[in-house]
Amino acid sequence: PALRSADSVISINKEDCAFFRRYNRNVVTIPHWSERDIEVHPKAAREKPVILFVGRNDANKNLAALYSLPRGKYEVICVTNTNPERDDFVFKTRIPDEELSALYSSASLTVVPSRYEAFSYTALESLLSGTPVLLSNRVRIADFLEGVSGVTVYDFEMPEEFAVKIDEAMGKRVDVEKVKALFSKEAAFKAYMNVYDALR
């Protein structure tokens, strides 16, 4: 009832927008924006490519997708709440923002293999750091990143695609300026003001 009587509904992705349009014709999609100023730093040479995972160690975040990766080919760093089930993975937990930013900058690739994400600050902060991302097709920030260099999407229902697309995704250059423009505070503020102005 509240959705039907609302003057406007704001969603943060296209899937939510389609859902809410069943109850209200005036639905506007405005994505989240970057909360922090993130700088791009040159990547240091490393012996192995570095794959970064940031998120809870649970079924939804799907850290288990990384267990299919071959031993010895990559350095895998997991910033999560409990130890991964691979003794060759680097486990970090409760790290400060500065250390997380340094990990985003130094990684070769950030992976977000989640079963579902309404957005993904992990993907956003990685891209703003100049590090490409590999996302499942259920990570909804991808709604706004079609055609943006540095983003690779795989089908969650085909888990074998995850390992296959790692090297392809790792080699991509990120269009940081385009990502900044898409997810700027200023763009979000303007979009919210347009919604409120239309209701006056």
Side-chain angles (χ1 to χ4, degrees), residues 2-3 6-21 23-43 52-56 60-61 77 79-81 92 94-114 116-153 169 172-200:
L3 289 171
D7 292 317
S8 185
V9 176
I10 297 172
S11 68
I12 61 168
N13 62 55
K14 292 178 181 177
E15 188 174 63
D16 286 358
C17 181
F19 173 82
F20 289 123
R21 279 209 170 124
Y23 304 99
N24 190 306
R25 288 182 304 198
N26 192 19
V27 182
V28 179
T29 301
I30 305 172
H32 289 317
W33 54 92
S34 174
E35 296 282 340
R36 300 189 291 140
D37 291 326
I38 298 173
E39 294 181 19
V40 178
H41 300 284
K43 296 192 185 297
L52 179 64
F53 172 91
V54 180
R56 294 184 313 277
N60 185 62
K61 298 293 186 181
I77 301 174
V79 181
T80 187
N81 57 320
K92 293 180 176 283
R94 296 191 177 112
I95 62 174
D97 285 346
E98 295 75 23
E99 184 177 354
L100 180 58
S101 292
L103 288 173
Y104 282 131
S105 291
S106 63
S108 310
L109 179 71
T110 299
V111 295
V112 188
S114 302
Y116 180 75
E117 297 276 348
F119 190 67
S120 175
Y121 277 110
T122 294
L124 177 57
E125 293 185 358
S126 179
L127 291 168
L128 290 173
S129 300
T131 298
V133 295
L134 175 61
L135 313 172
S136 90
N137 60 342
R138 297 181 175 188
V139 178
R140 301 271 41 109
I141 191 174
D143 291 351
F144 309 99
L145 294 169
E146 190 173 340
V148 175
S149 178
V151 179
T152 304
V153 178
K172 291 189 175 178
R173 185 190 65 80
V174 178
D175 188 343
V176 176
E177 292 308 311
K178 190 164 188 179
V179 175
K180 279 183 180 177
L182 285 168
F183 301 105
S184 71
K185 288 181 185 178
E186 293 76 19
F189 182 78
K190 183 177 180 181
Y192 274 96
M193 287 306 299
N194 288 341
V195 172
Y196 289 115
D197 288 344
L199 298 177
R200 288 181 180 177

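As a basis for the values below, the full set of heavy atoms in this structure was taken, side chains included, without hydrogen atoms, waters or symmetry mates.
Side-chain contact check for P132 versus T110: every heavy-atom pair is 4.5 Å or farther apart. Proximity of V174 to T131: side-chain heavy atoms (C-beta onward) are nowhere separated by under 4.5 Å. Between Y104 and I38 the shortest side-chain heavy-atom distance does not fall below 4.5 Å. Side chains of F53 and K61 form a contact here, defined as non-hydrogen atoms less than 4.5 Å apart. For the pair V133/I141, no side-chain contact is recorded, criterion being any heavy-atom separation below 4.5 Å from C-beta on. Taking 4.5 Å as the limit, every side-chain heavy atom of S11 sits out of range of all side-chain heavy atoms of V28. You'll find the side chain of F189 stays beyond 4.5 Å of the side chain of W33, heavy atoms only. A 4.5 Å side-chain heavy-atom check between L103 and I95 finds at least one atom pair inside the cut-off.
In terms of the side chain to side chain contact (heavy atoms under 4.5 Å, CB included) criterion, residue partners of E177 (sequence neighbours excluded) are, by chain and number, D175, K180. Scanning for ring pair (Phe, Tyr, Trp, His ring centres under 6.0 Å) contacts around H41 gives an empty result, with sequence neighbours left out. Checked against salt bridge (Lys or Arg N to Asp or Glu O under 4.0 Å), R21 has no partners two or more places apart in sequence or in another chain.
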After noting the C-alpha distance and the side-chain angles of K172 and T152, does the key distance pass the side-chain hydrogen bond (donor to acceptor under 3.5 Å, both in side chains) rule? CA-CA 9 Å; K172 291 189 175 178; T152 304; 3.2 Å; yes
For side chain to side chain contact (heavy atoms under 4.5 Å, CB included), just list the numbers for L109 and L134, CA-CA rounded to whole Å, side-chain angles, deciding distance to a tenth of an Å, and then say yes or no. CA-CA 7 Å; L109 179 71; L134 175 61; 4.3 Å; yes
Side chain to side chain contact (heavy atoms under 4.5 Å, CB included) between V40 and S105, intermediate numbers included: CA-CA 7 Å; V40 178; S105 291; over 6 Å; no
Working note: R138 + E15, criterion side chain to side chain contact (heavy atoms under 4.5 Å, CB included); need CA distance, chi angles, decisive distance, verdict. CA-CA 10 Å; R138 297 181 175 188; E15 188 174 63; over 6 Å; no
Could you go through K185 and E35, starting from their C-alpha distance and side-chain angles, then the distance that decides it, and tell me whether this counts as salt bridge (Lys or Arg N to Asp or Glu O under 4.0 Å)? CA-CA 8 Å; K185 288 181 185 178; E35 296 282 340; 5.8 Å; no
Derivation and outcome, side-chain hydrogen bond (donor to acceptor under 3.5 Å, both in side chains), residues S101 and E98: CA-CA 5 Å; S101 292; E98 295 75 23; over 6 Å; no
May I have the step-by-step check of side chain to side chain contact (heavy atoms under 4.5 Å, CB included) for V153 and S136, ending in yes or no? CA-CA 6 Å; V153 178; S136 90; over 6 Å; no
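The aromatic ring centres of F119 and F183 sit less than 6.0 Å apart.
The main-chain N or O of N13 is never found under 3.5 Å from a side-chain atom of D143 such that the two would form a donor-acceptor pair. Looking at T29, its side chain never comes within 3.5 Å of a backbone N or O of C17 through a donor-acceptor pair. Here the side chain of S120 pairs a donor or acceptor atom with the backbone of A123 at under 3.5 angstrom.
When each of L127, V139, V54, L135 is paired with T122, the side-chain contact (heavy atoms from CB on, under 4.5 Å) condition holds for V54 and for no other.
Heavy-atom contacts from other residues, nucleotides or ligands closer than 6.0 Å to NZ of K190 number 12 or fewer. Around CG of D37, the count of heavy atoms belonging to other residues, nucleotides or ligands within 6.0 Å does not exceed 12.
Taking CZ of F20 as the start and OG of S8 as the end, the distance is 11.5 Å to the nearest 0.5 Å. Remark: R140 CZ to D16 CG distance equals 9.0 Å, nearest 0.5 Å. Distance check: S129 OG to K43 NZ gives 7.5 Å after rounding to the nearest 0.5 Å. Residue D7 holds its CG atom at 8.5 Å from CG of N24, rounded to the nearest 0.5 Å. With values rounded to the nearest 0.5 angstrom, K178 atom NZ is found 9.5 Å from L145 atom CG.
The pair R36-E125 meets the salt-bridge criterion, with a side-chain N (NZ, NE, NH1 or NH2) lying under 4.0 Å from an Asp/Glu carboxylate O.
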